Visitor: 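Got a structure here, written out as structure tokens. Questions coming.
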Amino acid sequence: EVQLVESGGGLVQPGGSLRLSCAASGFTFSSYWMNWVRQAPGKGPVWVSRIYTDGSITSYADSVKGRFTISRDNAKKTLFLQMDSLRVEDTAVYYCARGFAGNDYWGQGTLVTVSS
Amino acid sequence: QSALTQPPSASGSPGQSVTISCTGTSSDVGNYDYVSWYQQHPGKAPKLMIYDVSKRPSGVPDRFSGSKSGNTASLTVSGLQAEDESDYYCSSYAGSNKLVFGGGTKLTVL
């Protein structure tokens with residue numbers, strides 16, 4: 001059974017940092033593009049970042065470029081999102097999602113709250 | 001990276017068909033056959049319903065279908081059922097390894 005489990009969310013002050021993790025199981029993690037997608041309360045999903053199978057290609061939404069860094073450890077089947085210089089507007093549930101275009105599996109999400 | 005445009009709401013009676021539109025640009029929807037549709041119930045993660053414009057993942061009822069014309073994609077739900085009441089989001093590949101989502105449509109089954 002394919003599973004994606006996010007962790008690392010929490011309350012952080014503006015300007016602070018957090019590192020999110022997404023533990024994958026039930027599929028060949030190293031064969032898939034992986035994404036981070038966030039959803040602010042009451043809003044639609046917004047794509048944040050993605051990474052190629054071997055980590056050699058990464059891409060970011062303009063709103064997080066230069067502040068967030070995506071990475072992966074294929075040996076540990078884990079996806080990461082390092083979030084620095086956090087802003088109030090980064091408050092959202094962060095999901096990891098599998099796939100290049102159609103994202104067929106999503107985690108349950110982890111809540112990141114940026115507030116003073 | 002502007003969001004794709006969806007109507008905020010749609011509705012239909014049980015057994016009827018309803019179509020939800022998703023309008024992008026020639027840089028995303030109009031340029032790639034990588035449009036997906038997701039269903040999301042409150043407090044849950046999005047569920048993939050359609051990918052590559054018109055393909056259904058295993059387990060998705062064939063009442064759900066997708067199409068595209070120019071810069072606009074559409075999701076049609078035929079034979080509406082009460083459990084179809086949900087939020088629906090489209091997404092499209094936007095080039096340069098980026099994705100863009102729509103703002104969402106709340107589907108109400110009357």
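Chain identifiers are assigned alphabetically (A, B, ...) following the order of the sequence lines, protein sequences preceding nucleic acid strands; residue numbering begins at 1 within each chain. Given the structure is predicted, the values throughout are model-derived calculations rather than measurements.
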Visitor: Could you check which of A:Ser59, A:Ala101, A:Pro45 has the highest count of heavy-atom pairs closer than 4.5 Å to chain B?
Guide: A:Pro45
Visitor: Tell me, for B:Ser92 versus chain A, whether the close heavy atoms (under 4.5 Å) come from the side chain, the backbone, both or neither.
Guide: neither
Visitor: Taking a hydrophobic cluster as the set of Ile, Leu, Val, Met, Phe, Trp and Tyr residues connected by side-chain heavy atoms closer than 4.5 Å, whether directly or through intermediates, do B:Tyr89 and B:Val60 fall within one such cluster?
Guide: no
Visitor: Nearest heavy-atom pair of A:Asn103 and B:Phe101: which atoms, and what distance?
Guide: OD1-CZ, 4.5 Å
Visitor: When you group the ILVMFWY residues by side-chain heavy-atom contacts below 4.5 Å and let the links chain together, are A:Leu11 and A:Leu81 in the same group?
Guide: no
Visitor: Considering only heavy atoms, give the residues of residues 32-53 of chain B separated from chain A by less than 4.5 Å, sorted numerically, with 'none' for an empty result.
Guide: B:Tyr34, B:Ser36, B:Tyr38, B:Gln40, B:Lys44, B:Ala45, B:Pro46, B:Leu48, B:Tyr51
Visitor: Grouping I, L, V, M, F, W and Y whenever their side-chain heavy atoms are under 4.5 Å apart, do A:Ile70 and A:Leu20 come out in a common cluster?
Guide: yes
Visitor: Answer yes or no: are there more than 12 heavy-atom neighbours, outside A:Tyr52 itself, under 6.0 Å from its atom OH?
Guide: no
Visitor: Is A:Val46 linked to A:Phe68 within one hydrophobic cluster, defined over Ile, Leu, Val, Met, Phe, Trp and Tyr using a side-chain heavy-atom separation of less than 4.5 Å?
Guide: no
Visitor: Is A:Leu18 reachable from A:Tyr60 through a run of I, L, V, M, F, W or Y residues, each pair having side-chain heavy atoms under 4.5 Å apart?
Guide: yes
Visitor: Tell me the residues of residues 105-116 of chain A whose non-hydrogen atoms fall below 4.5 Å from those of chain B, in number order.
Guide: A:Trp106, A:Gly107
Visitor: Would you mind checking which part of A:Val93 comes under 4.5 Å of any heavy atom in chain B, side chain (CB onward), backbone (N, CA, C, O), both or neither?
Guide: neither
